[in-house]
Amino acid sequence: MPERLELARVVDYFGPDNGFNGRFILEGPCGCKLHVASRDGEETGWEQVSVSTVRRRSPNWPEMCFVKDLFWDEEERVMQLHPPMSEYVKNDRYCLHLWKPKHAAIPAPPPTLVGIVGMGPEETYLRVQAFLADLTHRLEAGRSL
């Protein structure tokens, strides 16, 4: 349990109040207080973290990444789910959840479906700019692609 997380614990908020089970209020990376509730999954088989903000909005990507890194290692895969509408449970309009099964690996698509592995944003930008410049030159020259 990271000390930063332990210091943010709200004691006796609900249920078991030890380890990764509990409720926490802490400053997020974007300057907004985050309300976090977590379960270690010993009873359900699912590690689960709920995240909401004190503002009337859902947590953003940097805030969710920040919370993910508090509860799991950077090399662990966790997920947010978009369930079928018939299975929606929406007790809090602005709350998002992170999930990890305790006894199974989360499948993932090949990284190449996302982009070019090993290439950072700057190099990608330069390659796209070079491609667009070449494409523009070809179009202006009247050559076919």
Mind listing the closest non-hydrogen atom pair of [X] and [Y] along with its distance?
X	Y	answer
R4	L70	CD-CD2, 4.4 Å
G28	F66	CA-CE2, 4.1 Å
W61	Q80	CZ3-OE1, 4.5 Å

SB check E76 K68 (cutoff 4.0 Å)
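Between K68 and E76 there is no salt bridge, as every charged N stays at least 4.0 Å from the carboxylate O atoms.
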
Ion pair check, E47 and R39, cut-off under 4.0 Å:
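No, this pair does not count.
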
Can you tell me if E3 has over 12 outside heavy atoms packed within less than 6.0 Å of its CD?
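It does not: E3 CD has 12 such atoms or fewer within range.
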
List the steps and the verdict of side-chain contact (heavy atoms from CB on, under 4.5 Å) for W99 and I106.
CA-CA 10 Å; W99 301 92; I106 299 171; over 6 Å; no

List, one per line, each side-chain donor-acceptor pair under 3.5 Å for residues 49-60, sequence neighbours excluded.
| residue | atom | partner | partner atom | Å |
| --- | --- | --- | --- | --- |
| S50 | OG | Q48 | NE2 | 2.6 |
| S50 | OG | H97 | ND1 | 2.8 |
| T53 | OG1 | R55 | N | 3.3 |
| T53 | OG1 | R55 | O | 2.8 |
| T53 | OG1 | R57 | O | 2.8 |
| R57 | NH1 | E63 | OE1 | 2.9 |
| R57 | NH2 | E63 | OE2 | 2.8 |
| N60 | OD1 | E63 | N | 2.9 |

Give the table of side-chain donor-acceptor pairs shorter than 3.5 Å for residues 108-120, with sequence neighbours excluded, one pair per line with atom names and distance.
none

So how far is it from [X] [atom1] to [Y] [atom2], rounded to the nearest 0.5 Å?
X	Y	atom1	atom2	value
E43	K102	CD	NZ	11.5 Å
W72	L98	CH2	CG	5.0 Å
T124	Q129	OG1	CD	11.5 Å
C32	E27	SG	CD	7.5 Å
L139	D134	CG	CG	9.5 Å

Is [X] linked to [Y] within one hydrophobic cluster, defined over Ile, Leu, Val, Met, Phe, Trp and Tyr using a side-chain heavy-atom separation of less than 4.5 Å?
X	Y	result
L135	V128	yes
M64	L26	yes
V36	L5	yes
V78	L34	yes
Y125	L132	no

Partner residues of E6 under the side chain to side chain donor-acceptor pair (under 3.5 Å) criterion, sequence neighbours left out:
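Residues passing side chain to side chain donor-acceptor pair (under 3.5 Å) with E6: R9.
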
Would you say the side chain of M79 lies within less than 4.5 Å of the side chain of K100, judging by non-hydrogen atoms?
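No; the side chains remain at least 4.5 Å from each other.
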
Check: N21 side chain, D40 main-chain N or O, donor-acceptor pair, under 3.5 Å:
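Checked: pair present.
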
Parallel, tilted or perpendicular, judged at 30° and 60°: which one describes the rings of F71 and F24?
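Perpendicular, since the angle between the ring planes exceeds 60°.
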
